[in-house]
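Along the sequence shown, residues are numbered consecutively beginning with 1.
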Amino acid sequence: MNLVLVEHVDGAATDVSLQALTLAAGLGGETHALVIGPGGTAAAASVPAAVVHVAEHDALDAFAPDAWASVLCGLAEQIGATAVVAPGTGRATDAMARAAVRLGEPLAANCISVTQGDPLLLTRVRWGGSLLEEARLHAGRALLTVAPHAVAPVAAGAPGSVETFTPEIADADLVVRVRDRVAPPAGGVSLADAKVVVTGGRGVGSAEGFVVVEELAGLLGGAVGCSRAVTMSGWRPHTDQVGQTGNKIAPEIYIACGVSGATQHIAGAKGAKKILAVNTDPEAPIMSIADYAVVGDLHEVLPAVSAELRRRRG
């Protein structure tokens with residue numbers, strides 16, 4: 001029996017959650033899913049699991065990692081799950097790490113494949129995506145997260161059944177919780193959902209230099225990203241960062257402007273279908289992995305592209 005934690009947004013399971021269901025399928029046996037918080041019942045309708053358990057509680061209206069861990073551990077024990085799988089997102093990984101401590105079991109993160117057996121055979125991403133590790137997991141109850149955008153998601157579909165329950169939540173489980181959320185600018189596209197991402201790196205030169213990046217992203221209906229060097233310089237907020245310690249994205253096209261292409265940055269953008277790099281240095285690492293490369297000054301190239309887009313649209 002496998003239990004998969006499913007995150008949801010706007011009444012639908014996230015892509016990375018559907019990828020977690022794919023990973024769980026490699027374990028064999030029946031798969032149950034857990035959906036937590038408001039909107040869970042609506043989201044459950046598109047989760048293709050034998051049973052989808054929806055945890056409803058007033059205290060779960062905002063993310064609380066210890067509360068999620070408590071619900072996970074309790075349900076895993078109740079249904080006799082031998083493996084718990086979750087998406088490799090920041091929130092789910094936080095909850096899974098706390099669940100591992102509660103259960104006294106190891107957590108294998110960023111897995112891309114798993115073969116059932118005793119011990120389990122795993123392949124997982126290590127060192128910011130620079131290598132793959134083959135490992136054996138010895139555990140009474142396996143705890144796994146899937147590397148985002150490294151495996152194909154299962155197709156959304158109706159569950160076998162949906163069961164709603166009210167878990168017991170201790171006050172101690174609510175000490176750490178989200179109190180507020182800062183919404184993106186009106187009409188903005190989130191990095192997680194964007195089909196086009198235009199990212200600026202150190203080569204942009206300054207916070208003001210991002211005007212040309214924002215202009216192109218707006219014309220393409222995309223989101224603006226940045227590298228770690230940019231956030232360290234204070235030019236953009238951390239929420240815009242793409243990379244191992246930032247957002248992991250999977251757009252149709254990723255336009256990297258003035259980005260050198262360090263391993264940690266590429267780890268966050270490796271899910272992109274196509275990469276277009278704009279850089280003055282033809283030897284920059286990003287140029288060797290890009291599907292398309294433009295050697296030139298981004299402050300000249302991007303305005304020219306934006307002008308051409310406007311011309312073609314009349």
Side-chain angles (χ1 to χ4, degrees), residues 1-89 91-103 105 107 111 114 116 139-146 151 153-174 177-178:
M1 174 81 72
N2 309 310
L3 176 61
V4 177
L5 174 62
V6 173
E7 293 185 290
H8 56 98
V9 176
D10 296 331
T14 64
D15 281 348
V16 185
S17 295
L18 296 177
Q19 292 159 23
L21 285 166
T22 297
L23 188 73
L27 295 166
E30 189 172 79
T31 295
H32 287 213
L34 168 63
V35 183
I36 298 176
T41 301
S46 60
V47 177
V51 180
V52 179
H53 304 267
V54 180
E56 294 183 344
H57 192 291
D58 289 343
L60 296 173
D61 60 343
F63 174 62
D66 284 303
W68 280 37
S70 174
V71 176
L72 265 173
C73 292
L75 183 58
E77 181 66 28
Q78 177 185 328
I79 66 176
T82 55
V84 180
V85 184
T89 61
R91 295 200 312 176
T93 301
D94 191 354
M96 287 289 282
R98 294 166 192 259
V101 172
R102 289 170 181 254
L103 297 173
E105 298 283 6
L107 168 63
C111 299
V114 58
Q116 63 183 118
R141 176 172 285 133
L143 301 176
L144 315 170
T145 66
V146 63
V151 300
V154 299
S161 63
V162 176
E163 298 181 2
T164 301
F165 70 104
T166 302
E168 294 186 6
I169 304 294
D171 290 341
D173 294 332
L174 300 174
R177 67 187 312 217
V178 173

Rounded distance [0.5 Å steps], CG in Leu143 versus SG in Cys73: 7.5 Å
Working to the nearest 0.5 Å, report the span between CG of Asp58 and CD1 of Ile169. 11.0 Å
Take Leu103 and Glu77, measure what side-chain contact (heavy atoms from CB on, under 4.5 Å) needs, and give me the verdict at the end. CA-CA 10 Å; Leu103 297 173; Glu77 181 66 28; 5.8 Å; no
Which residues pass the side chain to side chain donor-acceptor pair (under 3.5 Å) test with Thr166, sequence neighbours left out? none
Can you check whether Ile36's main-chain N or O pairs, donor with acceptor, with His53's side chain at less than 3.5 Å? no
Heavy atoms only: give me the nearest Ala62-Val178 pair and the separation to one decimal. CB-O, 3.3 Å
Going by salt bridge (Lys or Arg N to Asp or Glu O under 4.0 Å), name the pairs with one or both residues in residues 3-16, residues two or more places apart or in two chains. Glu7-Arg91
What pair of heavy atoms forms the shortest contact from Ala69 to Ala99, and how long is it? CB-N, 3.7 Å
Residue of the set Ile79, Val47, Asn2 for which side-chain contact (heavy atoms from CB on, under 4.5 Å) holds with His32: Ile79
Which residues pass the side chain to side chain donor-acceptor pair (under 3.5 Å) test with Thr31, not counting sequence neighbours? none
Kindly give the heavy-atom pair with the smallest separation between Leu3 and Ala33, and that separation in Å. CD1-C, 4.0 Å
For Asp173, check side chain to side chain donor-acceptor pair (under 3.5 Å) against everything at least two apart and list the hits. Arg102
Report yes or no: does Glu105 contribute a side-chain atom to a donor-acceptor pair with the main-chain N or O of Ala139 at less than 3.5 Å? no
Looking only at non-hydrogen atoms, find the nearest pair between Asp66 and Arg98 and report the distance. OD2-NH1, 2.8 Å
Please lay out, stage by stage, how Val71 and Phe165 fare under the test side-chain contact (heavy atoms from CB on, under 4.5 Å). CA-CA 10 Å; Val71 176; Phe165 70 104; 4.0 Å; yes
Glu30 CD: over 12 foreign heavy atoms closer than 6.0 Å: yes
Residues passing the side chain to side chain donor-acceptor pair (under 3.5 Å) test with Gln78, sequence neighbours excluded, are none
Counterpart residues, side-chain contact (heavy atoms from CB on, under 4.5 Å), relative to Thr164 (two or more places apart): Thr41, Val54, Glu56
When you measure from the side chain of Thr82 to the backbone N and O of Met1, does any donor-acceptor pair fall under 3.5 Å? yes
Between Leu23 and Val114, what is the shortest heavy-atom contact and its length? O-CG1, 3.3 Å
Passes side-chain contact (heavy atoms from CB on, under 4.5 Å), Leu21 versus Val146? Steps please. CA-CA 9 Å; Leu21 285 166; Val146 63; over 6 Å; no
Are Asp61 and Arg177 side-chain neighbours, meaning at least one heavy-atom pair lies under 4.5 Å? yes
State, to 0.1 Å, how close Ala12 and Ser46 come at their nearest heavy-atom pair, and which atoms those are. CA-OG, 4.4 Å
